Amino acid sequence: MDVFKSFLPTSEGWLPIWQLVVASAAVFNAIQNYTTLKLTQRLYARMPHLVNPLQARAFGTWTITSAVIRGYAAYHIHEKTSASTSHTYYPSHPAAFDLLRIYDICIISYLIAFSHFTSELLIFKTAKLNGPVVSPFIVASVSLAWMILQYDFYVS
């Protein structure tokens, strides 16, 4: 059991562990996007014929990117990004990036996911309100609320 615990994030609270769980699920989802269309077609159930291998791989690439962001956040939830120390390499970058933390980037990743599924459901009408769509809505909205409510605890 101690070996298992050594791989878990060491920051206080449950949010880092939640980020790791979500990142792990995203890795599975990305792999399935590269290997089959079935689950992605269930996600876009109103127009499953639009799901093709190229679209699925692009979705898988986004999903693995979000997994990396969230997995990194699980272990480095208090740290600023490297942009804050990169003036030597990028002297013209805006000073606003000095305040950007991995926590903020992780919140943005959930906003992007929530926006994507909302637009597919309400604007483009490719998705319908079923289990495969409800799941990302729950994860994104719970994660957003949790991260916003706990912002001062992790980013102080």
Side-chain angles (χ1 to χ4, degrees), residues 4-5 7-52 54-84 96-156:
F4 176 72
K5 282 184 176 182
F7 289 103
L8 294 177
T10 57
S11 294
E12 291 182 45
W14 288 99
L15 186 58
I17 292 172
W18 171 254
Q19 297 298 343
L20 187 60
V21 168
V22 171
S24 300
V27 169
F28 163 76
N29 191 26
I31 290 169
Q32 75 81 26
N33 271 284
Y34 281 100
T35 58
T36 182
L37 300 180
K38 281 187 175 185
L39 296 176
T40 307
Q41 286 172 330
R42 288 183 56 215
L43 189 62
Y44 301 102
R46 283 192 182 157
M47 297 186 188
H49 63 281
L50 294 179
V51 176
N52 60 51
L54 176 61
Q55 182 272 339
R57 289 190 307 271
F59 192 71
T61 301
W62 153 254
T63 304
I64 202 71
T65 302
S66 69
V68 168
I69 292 168
R70 294 162 188 172
Y72 190 84
Y75 293 97
H76 304 279
I77 203 159
H78 299 288
E79 297 174 17
K80 285 187 176 183
T81 64
S82 60
S84 65
F97 283 118
D98 286 344
L99 303 175
L100 196 60
R101 296 179 181 265
I102 189 62
Y103 199 95
D104 303 317
I105 294 169
C106 194
I107 287 176
I108 292 167
S109 78
Y110 286 116
L111 283 171
I112 291 169
F114 186 82
S115 299
H116 169 74
F117 291 110
T118 300
S119 67
E120 294 300 328
L121 184 67
L122 301 176
I123 298 169
F124 303 113
K125 301 195 185 313
T126 59
K128 66 180 179 180
L129 203 54
N130 60 9
V133 168
V134 171
S135 180
F137 272 115
I138 290 171
V139 170
S141 49
V142 165
S143 300
L144 280 168
W146 194 353
M147 291 188 78
I148 290 167
L149 290 170
Q150 293 291 300
Y151 193 89
D152 290 335
F153 179 79
Y154 289 101
V155 182
S156 54

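These figures come from a predicted structure and were not determined experimentally.
- Using a 4.5 Å cut-off on side-chain heavy atoms (C-beta onward), Y44 and V133 make no contact.
- Y103 contributes a side-chain N or O that, together with a main-chain N or O of M147, makes up a donor-acceptor pair within less than 3.5 Å.
- Distance CG/L129 to CZ/F137: 7.5 Å, rounded to 0.5 Å.
- When every heavy atom of A45 is checked against every heavy atom of P48, the shortest pair comes out as O-CD, 3.2 Å.
- Without hydrogens or angle criteria, S119 side chain to H116 main chain gives a donor-acceptor distance under 3.5 Å.
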| request: Determine, step by step, whether F7 and L20 satisfy the side chain to side chain contact (heavy atoms under 4.5 Å, CB included) criterion, reporting the C-alpha distance in whole Å, the side-chain angles of both residues, the deciding distance to 0.1 Å, and the verdict. | output: CA-CA 10 Å; F7 289 103; L20 187 60; over 6 Å; no
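- Shortest non-hydrogen contact noted between Q32 and T40 is NE2-OG1, 3.5 Å.
- With values rounded to the nearest 0.5 angstrom, I31 atom CD1 is found 13.0 Å from T36 atom OG1.
- Two residues are said to be in side-chain contact when any heavy atoms from C-beta on lie closer than 4.5 Å; L39 and P132 fail this criterion.
- Within the 4.5 Å cutoff, no side-chain heavy atoms of I77 are placed close to those of P9.
- Between W14 and Y154, the shortest heavy-atom distance links the atoms N-OH, 3.9 Å.
- Rounding to the nearest 0.5 Å gives a distance of 12.5 Å between CG of N29 and OG of S24.
- Considering all non-hydrogen atoms of both residues, V22 and Y110 come closest at CG1-OH, 3.5 Å.
- The structure places NE2 of H49 at 13.5 Å from CG of L37, a figure rounded to the nearest 0.5 Å.
- Remark: I102 CD1 to H76 NE2 distance equals 8.5 Å, nearest 0.5 Å.
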Side-chain donor/acceptor pairs under 3.5 Å, residues 57-70, sequence neighbours excluded:
{"from": "R57", "atom 1": "NH1", "to": "P53", "atom 2": "O", "distance (Å)": "3.4"}
{"from": "T61", "atom 1": "OG1", "to": "Y34", "atom 2": "OH", "distance (Å)": "2.5"}
{"from": "T61", "atom 1": "OG1", "to": "R57", "atom 2": "O", "distance (Å)": "2.9"}
{"from": "T63", "atom 1": "OG1", "to": "F59", "atom 2": "O", "distance (Å)": "2.7"}
{"from": "T65", "atom 1": "OG1", "to": "T61", "atom 2": "O", "distance (Å)": "2.8"}
{"from": "S66", "atom 1": "OG", "to": "T63", "atom 2": "O", "distance (Å)": "2.8"}
{"from": "R70", "atom 1": "NE", "to": "S109", "atom 2": "OG", "distance (Å)": "3.1"}
{"from": "R70", "atom 1": "NH2", "to": "S109", "atom 2": "O", "distance (Å)": "3.2"}
{"from": "R70", "atom 1": "NH2", "to": "S109", "atom 2": "OG", "distance (Å)": "3.3"}

| message | For a side chain to side chain contact (heavy atoms under 4.5 Å, CB included) check, start with the C-alpha distance between T118 and F114, then their side-chain angles and the critical distance, and finish with the verdict. | response | CA-CA 6 Å; T118 300; F114 186 82; 3.5 Å; yes
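- Between F153 and E12, the closest side-chain pair of non-hydrogen atoms falls below 4.5 Å.
- Among all heavy-atom pairs drawn from H78 and R101, the shortest one is O-NH1, 2.8 Å.
- T10 has its side chain out of reach of Y75: every pair of non-hydrogen atoms, C-beta onward, lies at least 4.5 Å apart.
- Separation of atoms CD (Q55) and CD (Q41) is listed at 9.5 Å; rounding is to 0.5 Å.
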